[in-house]
Undergrad: 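Supplied in structure tokens, the structure appears directly below.
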Amino acid sequence: MTSFYSRRKFLKKYAELFSVLLPSLALGGITPFAHGASKRVSTLSDNPFTLGVASGDPTSDAVILWTRLAHEVLRDNNFGEQAVQVDYELSESSNFQKIIRSGSIVATPELGHSVHADVRGLKPDQTYYYRWHIGGATSQTGRAKTAPLASASKQEFRLAFASCQQFEHGYFTAYEHMAEENFDLIIHLGDYIYERSWGSNLIRNHEGPEIKTLQDYRNRYNTYKSDPDIKAAHASAPWVVTWDDHEVDNNYAADIAEDDQTPEQFLSRRINAYQAWYEFMPIRLPVGRQGPDMPIFRKLRFGNLMEMYVLDTRQYRDDQACGDGRQISCREHKDPSRTALGQAQKKWLFDNLSTADATWNVFAQQIMMASLRGINEEGDQLWPMDLWDGYPGERQQILEYLNSTSTPNPIVLTGDIHSNWVADLKLDFDQRNSKIVGSEYIGTSISSGGDGQDLTEYGENLLSNNPHVKFYNANRGYVAATLTPELWRADYKVVPYITRKGAPINIRKTFVTEAGRPGVQEA
Ligand code: FE
Ligand code: CA
């Protein structure tokens, strides 16, 4: 990590951020927050709920409700630098005939007038509708759903997972379709924004060059969140989010930037990026946390059907070995102490897995876990150093731990690589007969990479070089999964194009995992 001096400076800056996060985090859903200087707004000239609504991190009795007030509207009404009160309402019906809960929360300029209401005391496994009010304006209605009680025998649960949505590369049509499915849960595996332009044939534009300041990141999220399809998907179901690299910087590792920033400069940038991410995401962060990191790894439970471990493989990882990209293995790469999770997160994960008792144990994480090695013309193995292939020692510890603890039905969810894959997780990827200890479902991008196509030579070569990998496709889309006590079923849903609006969606392939039988099978 970084030097003592820069870490101290970093801590000081972080303490400033922490002091503004704390009041909003300390809020309960029931008690209106008494903010000395906050204003009640009687009228506004325009509706400030332009970024929509969102809910997230459901438990069996609580859910986070999110919105963010448009700065332009507040500024035009002389509230741009003011803390203002926003009201929310919950109902079990979408017409709000009976309001079962209402409250107020303060939106502060320090957090860009974003709000995260942790509304508690709700019924388990219950659909709620919610909306926000300020100054006579009302937001769109969102649909949220609490988790079943931890011990409840849930018979079916439907979720979607998605990742990677480069705004310039195309429309978020997949989200339009996702929103129509009214999932129990939507999982986002990272690359929610991109910090810079890349690719050709851009169909819409980010403003400005590579983003670094808090205002830069906020502007970028504003652009992405103005998309009607992503707003519809957020309004349709609670989300569980994690981040990958592009929420800060391409392929960053802990305090190491992609380009020529020092660790000290990069940690300052990371504070900006992490704060903006928090401001725009419907996430519950632990109250009372402190220190220079933003620990977002966490666990969510959905009855006895599913336990979900949300992981962060960016913030704590060792730098990519041997020069990043696809490389021949070098000495550094073989060092068994290399980590992608960091020691604290790994201990937390292992502690939880040792007592795991839900039917399905789902890892919501970023980078492909199954080996995806290529081969060069000389016959050398090429290891993708940014993926779990770059951290083979720690991957082996995880796979062996799943085996030795007999973790029930591990399912790894992955994004990052803008293509669909399905793979068996084996104790030894080089041995055909090696024991399968888990299943991995890798979802394609929402838009990154443009229209995409069914197959590419690149993908087909990797498929033939990695026999534990069973499926490949490079269209855009998302994965819809249905869980029952007997079966995990994953429908790979793809759209044929995204550089024009209105693409239909269809199921390209379905893979399943049977409870008690690790590994993937074509349905
Ligand atoms: Fe990506
Ligand atoms: Ca990525």
Side-chain angles (χ1 to χ4, degrees), residues 161-172 174-175 187-204 206 210-211 217 220-221 223-224 227 230 241-254 256-259 266 269-270 273-274 277 281 296 310-320 324-326 340-341 363-370 372 383-391 412-421 440-452 456 458-459 462 472-479 494-495 498:
F161 64 93
S163 60
C164 293
Q165 49 206 34
Q166 222 286 5
F167 183 85
E168 299 172 308
H169 288 185
Y171 296 106
F172 296 166
Y175 278 137
I187 304 165
H188 199 283
L189 299 173
D191 290 358
Y192 191 101
I193 58 161
Y194 281 77
E195 82 285 9
R196 64 178 165 85
S197 290
W198 53 276
S200 53
N201 190 25
L202 305 181
I203 59 128
R204 48 187 187 174
H206 292 150
E210 184 158 335
I211 51 177
Y217 283 102
R220 186 58 46 91
Y221 281 101
T223 301
Y224 279 62
D227 179 275
I230 204 170
V241 298
T242 185
W243 55 35
D244 194 20
D245 51 337
H246 290 284
E247 282 84 352
V248 186
D249 187 25
N250 179 46
N251 282 9
Y252 85 91
I256 299 161
E258 179 187 29
D259 304 317
F266 186 69
R269 180 181 179 185
R270 208 175 81 170
Y274 284 5
W277 182 83
M281 292 298 124
I296 64 163
V310 183
L311 303 183
D312 172 0
T313 59
R314 286 290 162 193
Q315 186 175 188
Y316 312 110
R317 70 157 71 187
D318 288 323
D319 198 13
Q320 292 88 349
D324 208 347
R326 289 185 167 271
L341 295 176
F363 296 60
Q365 58 101 54
Q366 299 77 22
I367 51 175
M368 188 155 170
M369 188 170 276
L372 195 64
W383 300 71
M385 293 296 173
D386 189 58
L387 312 188
W388 275 104
D389 265 335
Y391 304 82
V412 174
L413 307 184
T414 301
D416 177 49
I417 47 176
H418 311 167
S419 40
N420 287 313
W421 309 79
E440 184 172 14
Y441 292 86
I442 300 103
T444 190
S445 61
I446 290 287
S447 64
S448 304
D451 282 336
T456 64
Y458 164 83
L462 288 171
Y472 162 73
N473 159 275
N475 286 122
R476 306 284 85 88
Y478 62 91
V479 182
V494 299
V495 288
I498 56 158

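Indexing begins at 1, ligand by ligand and atom by atom, following the structure's order. The residues of the chain are indexed from 1 along the displayed sequence.
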Undergrad: Do Arg204 and Phe167 form a cation-pi contact, if we require the NZ or CZ to be under 6.0 Å from the six-membered ring centre and within 45 degrees of the ring's axis?
TA: yes
Undergrad: Would the Trp198 and His169 ring centres measure less than 6.0 Å apart?
TA: yes
Undergrad: Identify whether the distance between the nearest side-chain nitrogen and carboxylate oxygen of Arg314 and Asp386 falls below 4.0 Å.
TA: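 So Arg314 pairs with Asp386 through a salt bridge.
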Undergrad: Among the N/O/S atoms of Asp416, which is closest to the Ca ion (ligand 2)? Give the atom name.
TA: OD1
Undergrad: May I ask you to check whether His206 and Tyr224 place their ring centers less than 6.0 Å from one another?
TA: yes
Undergrad: Within rounding of 10°, what is the angle whose vertex is the Ca ion (ligand 2) and whose arms end at OD2 of Asp244 and OD2 of Asp191?
TA: 100°
Undergrad: What protein N, O or S atoms come within a distance below 2.8 Å of the Fe ion (ligand 1), ordered by chain and number?
TA: Cys164 SG, Asp191 OD2, Tyr194 OH, His418 NE2
Undergrad: Are Asp245 and Arg317 within salt-bridge range, i.e. N to O under 4.0 Å?
TA: no
Undergrad: Of all the N, O or S atoms in Asp245, which has the shortest distance to the Ca ion (ligand 2)?
TA: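 That would be atom OD1.
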Undergrad: Does a side chain donor of either Glu258 or Asn250 reach within less than 3.5 Å of an acceptor in the other side chain?
TA: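 Yes, because at least one side-chain N or O of Glu258 sits under 3.5 Å from a partner of the opposite role on Asn250.
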Undergrad: Should Glu247 and Arg220 be marked as a salt bridge (Lys or Arg N to Asp or Glu O under 4.0 Å) after you check the CA-CA gap, both sets of side-chain angles, and the distance that decides it?
TA: CA-CA 10 Å; Glu247 282 84 352; Arg220 186 58 46 91; over 6 Å; no
